[in-house]
Amino acid sequence: MINMKALYLAAACGLSLTPAWAQSVDWAEFTRDDSRISAGNAVGLGDVREKDYATGDFDRDGWIDLICVRKQPFTTTGRYRNVLFMNRNGVLTDESALHAATTDVPGDSGFLTPTNDRDVAVGDFDQDGWLDFVTATTFSPGQPKAISHPRIYMNLGEVGGVWQGFFHQEARIPDWGTYPNMCGVAVGDVTGDGYPDIYFSHYEQQAQVDLNDRLLINDGAGFFTDESSARMTPAMRGSSFGTSAVIDDMNGDGVQDVISVSGSGQTGGLTRSSIAYNNSNNEGFFNTLQEPYSGAPYHVATGDLNADGRPDMILSDDEEDRYLLNEGNDVFGRVDWGPARIFNTDDGFGSNNYIVDLNGDDFAEAIICDVDVDLGGCDRRLHIYHNRGGTVGGFVSLVEERSGSTYGARGLPALRGTHDVAIFDIDNDGDRDMVVGRCSGTRVYLNERNALGVDYCEAMLNSTGQSARLRVEGSPYAASNDVTLRADRLPPGQFGIFLVSPDRGFVPNPGNSAGNLCLGAPLGRFVGPGQIVAASAAGEFSVAIDLTTLPLGSSPVMAEAGDTFSFTAWFRDSIFGIATSNFTSATSVTFR
């Protein structure tokens, strides 16, 4: 039984009842909606080929699009055509023939030409404001360069207001003189000139020549030169079975590092995860090698697991998958890594992995796909580890939540045989949905959070015995000016108002409130006509706000793309006949 009287007395005595920061028990919930894919069955819902994804708003219409590269599963020479899914108002529509079939190679048909592509990455290679992309092509003996090598597709932008699609140009990639086995690709600006470069992960198995990993430098026009040997040592690029890579600033010195993995593709082969650190005093040249983990890693992802602003790492391993927390830098400027911690459960080989916040609480989840890129088998399953949070900068709790008889998130079955997952906002409602590419076909799952922003501050209990909750709903685009603030779990009949601030904060029990104010200064109050509201019998109230006139300071403030604002609600309450007040949880929204 909740002791509400003790709760109130603690607040009245000025005791700080600190909220549970970013440890929401709310978990993601998904609904399957395969109507979100419009394509022929063989390349759409019924696609049984190996699939790898990349996303971006390619035509700049405000909807995120999807690239799917396809091949015969496992280490084979089987080639299949790729798919460009353009997002048409929430429906992923195959427009490969319309917008990705142009090339300068005679007899080639761009995405309609079968290739053995294993990975794909997006970047604006010529910095014209339109996203381009590159594929990583593998095991293609006896094929011409246009088929055996990675392919770059340049975005043609608009002509007369009409998007022109992509154009494959063979000369943008160097010729290695033999077919390369590229299994992974990463894009990022390692030279600091503003133009993204490319790093390929290479594996030896069945290759005519062991190229090791390769670093390609952008000339500023989207043409690339292999400068691997000039900028990195052989040890940095060494790989036996290189399957994935990331370009990220791991040690916070302002320059981009290269993170890669090598599984053991042969007896006595190299097995490790490695970081080649970029020299901040000679940007673009790498001077330090670190090996944080030496198990049998096959894929790597970086991202902030414990909300401290530093990139952490997850690794798919032959055995138990691991995560490593970034604990700052050592005296040599390398990351000081915590121990390689094992995930709660594992069923053997893993593949593509991601660090992505699925439920908007600022603590990113860990997602690990299960189909090995080399060895056959689709009997394992996708793992989604809910990050339940923890101390900022400290340990986190990664848990596979259970829903009925399956693990993952609510609404997801046991997704066995998953090659890759694309995690992005399909329906433009502000949360992250999923396209799941499986051995048995493709499925779409919509995230039902239906709220904007990040919930960062949990409320104290009120007289209902619950913590009042704030939801920000509507469009994430400031120009749309379509936002509603909604509060629930409130005491029925009690009056309240919504508050806004450009900053987060924490003020315990202001004005002897039973709750805590989680906004900083300046603080704005929505108190205009119709904005002082009373909770319904169901314990809810809501207000549609005007983003062009946020009540901050001496004159209204207009929200613009890139601006972040935090919201909460204050409401009256009564505990054992004693009048008090409380606050809902708080949410921060960064508008687009």
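The figures here come from the full heavy-atom set of this structure, side chains too, leaving out hydrogens, waters and symmetry mates.
- Between the Arg592 side chain and the Pro476 main chain, no donor and acceptor come within less than 3.5 Å of each other.
- Looking only at side-chain heavy atoms (C-beta outward), Tyr407 and Leu412 stay at 4.5 Å or farther from each other.
- With no hydrogens or angles considered, a side-chain donor-acceptor pair links Thr564 and Thr590 at under 3.5 Å.
- Put simply, the side chain of Pro311 reaches to within 4.5 Å of the side chain of Asn326, judged on heavy atoms.
- Atom CZ in Arg341 sits 8.5 Å away from atom CG in Leu324 (nearest 0.5 Å).
- Between the side chains of Thr302 and Asp248, at least one donor N or O lies within less than 3.5 Å of an accepting N or O.
- Atom CZ in Arg432 sits 6.0 Å away from atom CG in Asp357 (nearest 0.5 Å).
- Side-chain contact between Asp197 and Asp189: present, with at least one pair of heavy atoms (C-beta onward) separated by less than 4.5 Å.
- Inter-residue side-chain proximity for Trp337 and Met250 is flagged as met; some heavy-atom pair is nearer than 4.5 Å.
- Smallest separation of non-hydrogen atoms from Thr418 and Leu415: OG1-O, 3.1 Å.
- Asp213 and Tyr199 form a side-chain donor-acceptor contact under 3.5 Å, judged by distance and modelled atom types alone.
- The existence of a salt bridge linking Arg310 and Asp312 is excluded, since no basic side-chain nitrogen approaches an acidic carboxylate oxygen closer than 4.0 Å.
- Within the 3.5 Å criterion, the main-chain N or O of Val335 finds no donor-acceptor partner in the side chain of Asn251.
- With contacts defined as side-chain heavy-atom distances shorter than 4.5 Å, the pair Arg79/Gln143 qualifies.
- Looking at Tyr203 and Thr138, their side chains do bring a donor and an acceptor atom within 3.5 Å of each other.
- Taking OG1 from Thr288 and CG from Asn279, the interatomic distance works out to 7.5 Å, rounded to the nearest 0.5 Å.
- Because its NZ or CZ atom is not both nearer than 6.0 Å to the ring centre of Phe200 and within 45° of the ring axis, Arg214 does not count as a cation-pi partner of that residue.
- Side-chain N or O atoms of Asn352 include none that pairs as donor or acceptor with a backbone N or O of Cys369 at under 3.5 Å.
- Aromatic rings of Phe343 and Tyr323 (six-membered ring for Trp) have centroids within the 6.0 Å cut-off, being under it.
- Checked by atom type and distance alone, the side chain of Asn278 pairs as donor or acceptor with a backbone atom of Gly284 at under 3.5 Å.
- Counting only heavy atoms from C-beta outward, the side chains of Ile314 and Val300 never approach each other to under 4.5 Å.
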Mind running side-chain hydrogen bond (donor to acceptor under 3.5 Å, both in side chains) on Tyr293 and Asp317 for me, showing each step along the way?
CA-CA 10 Å; Tyr293 178 68; Asp317 194 280; 2.8 Å; yes
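- The shortest heavy-atom contact between Val190 and Ile217 is CG2-CD1, 4.0 Å.
- Asp433 places a side-chain N or O within 3.5 Å of a backbone atom of Asn447 that can act as its donor or acceptor partner.
- In summary, the side chains of Ser96 and Arg81 do present a donor paired with an acceptor at a separation below 3.5 Å, with no hydrogens or angles considered.
- Using modelled atom types, one finds no donor on one side chain facing an acceptor on the other under 3.5 Å when comparing Asp336 with Asn329.
- With hydrogens and angles ignored, the 3.5 Å screen pairs a side-chain donor or acceptor of Arg322 with a backbone N or O of Glu320.
- Checked by atom type, the side-chain pair His383/Glu400 shows a donor-acceptor distance below 3.5 Å.
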Please determine whether side-chain hydrogen bond (donor to acceptor under 3.5 Å, both in side chains) holds for the pair Ser274 and Ser260, giving the CA-CA distance in whole Å, both sets of side-chain angles, and the decisive distance to 0.1 Å.
CA-CA 5 Å; Ser274 66; Ser260 62; 3.1 Å; yes
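- The shortest distance between side-chain heavy atoms of Val122 and Thr55 does not fall below 4.5 Å.
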With ring pair (Phe, Tyr, Trp, His ring centres under 6.0 Å) as the criterion, how do Phe133 and Phe111 come out once you've worked through the C-alpha distance, each side chain's angles and the decisive distance to 0.1 Å?
CA-CA 12 Å; Phe133 66 90; Phe111 253 32; 5.5 Å; yes
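- Nearest heavy atom pair, residue Ser316 against residue Ile368, reads OG-CG2, 3.5 Å.
- Remark: side-chain polar atoms of Glu365 are paired, donor with acceptor, to backbone N or O of Leu358 under 3.5 angstrom.
- Side-chain polar atoms of His419 and Glu50 form no donor-acceptor pair below 3.5 angstrom.
- Minimum heavy-atom separation, Arg70 to Lys51: CG-CG, 4.4 Å.
- Judged by distance alone, with hydrogens and angles left aside, the side-chain atoms of Thr115 form no donor-acceptor pair with the main-chain N or O of Ile147 at under 3.5 Å.
- The minimum heavy-atom distance linking Asp117 with Asn82 is given by the pair OD2-ND2, 2.8 Å.
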Using the rule given for ring pair (Phe, Tyr, Trp, His ring centres under 6.0 Å), can you reason through Phe125 versus Tyr195, listing the C-alpha separation, both sets of side-chain angles and the distance that settles it, and then say yes or no?
CA-CA 6 Å; Phe125 296 137; Tyr195 293 90; over 10 Å; no
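- A donor-acceptor pair is defined here as one N or O able to donate and one able to accept, closer than 3.5 Å; such a pair exists between the side chain of Asp304 and the backbone of Gly309.
- For the atom pair CG of Asn353 and CG of Leu315, the computed distance is 7.5 Å after rounding to the nearest 0.5 Å.
- In summary, the side chains of Ser588 and Arg504 do present a donor paired with an acceptor at a separation below 3.5 Å, with no hydrogens or angles considered.
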Show the numbers, then the answer: is there a side-chain contact (heavy atoms from CB on, under 4.5 Å) between Val69 and Arg118?
CA-CA 7 Å; Val69 295; Arg118 174 154 274 163; over 6 Å; no
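- Here the shortest heavy-atom pairing between His149 and Pro174 reads CD2-O, 3.4 Å.
- The distance from the CG atom of Leu215 to the OG atom of Ser228 is 5.5 Å, given to the nearest 0.5 Å.
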Between Arg388 and Glu401, is a salt bridge (charged side-chain N to carboxylate O under 4.0 Å, His left out) present by the stated rule, with each step listed?
CA-CA 10 Å; Arg388 291 185 176 179; Glu401 305 288 5; 2.8 Å; yes
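- Side chains of Arg443 and Tyr445: a donor-acceptor N/O pair is absent below 3.5 angstrom, by distance only.
- A donor atom on one side chain and an acceptor atom on the other are found under 3.5 Å apart for Asp226 and Trp176.
- In this structure, Val373 and His299 have side chains that are in contact, with non-hydrogen atoms separated by less than 4.5 Å.
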Derivation of the side-chain contact (heavy atoms from CB on, under 4.5 Å) call for Asp132 and Ile152
CA-CA 8 Å; Asp132 315 300; Ile152 285 183; 5.5 Å; no
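- Put simply, CG on Leu45 and CD1 on Ile37 are 5.0 Å apart, with the number rounded to the nearest 0.5 Å.
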Kindly determine whether Ile275 and Glu291 satisfy side-chain contact (heavy atoms from CB on, under 4.5 Å), including the steps that lead there.
CA-CA 6 Å; Ile275 302 173; Glu291 298 183 8; over 6 Å; no
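- Side-chain N or O atoms of Asn282 include none that pairs as donor or acceptor with a backbone N or O of Phe285 at under 3.5 Å.
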Test side-chain contact (heavy atoms from CB on, under 4.5 Å) applied to Ile367 and Ile423, step by step:
CA-CA 10 Å; Ile367 297 96; Ile423 306 169; 4.1 Å; yes
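- Tyr80 and Arg49 form a side-chain donor-acceptor contact under 3.5 Å, judged by distance and modelled atom types alone.
- Counting non-hydrogen atoms of neighbouring residues, nucleotides and ligands closer than 6.0 angstrom, the CZ atom of Phe395 reaches no more than 12 such neighbours.
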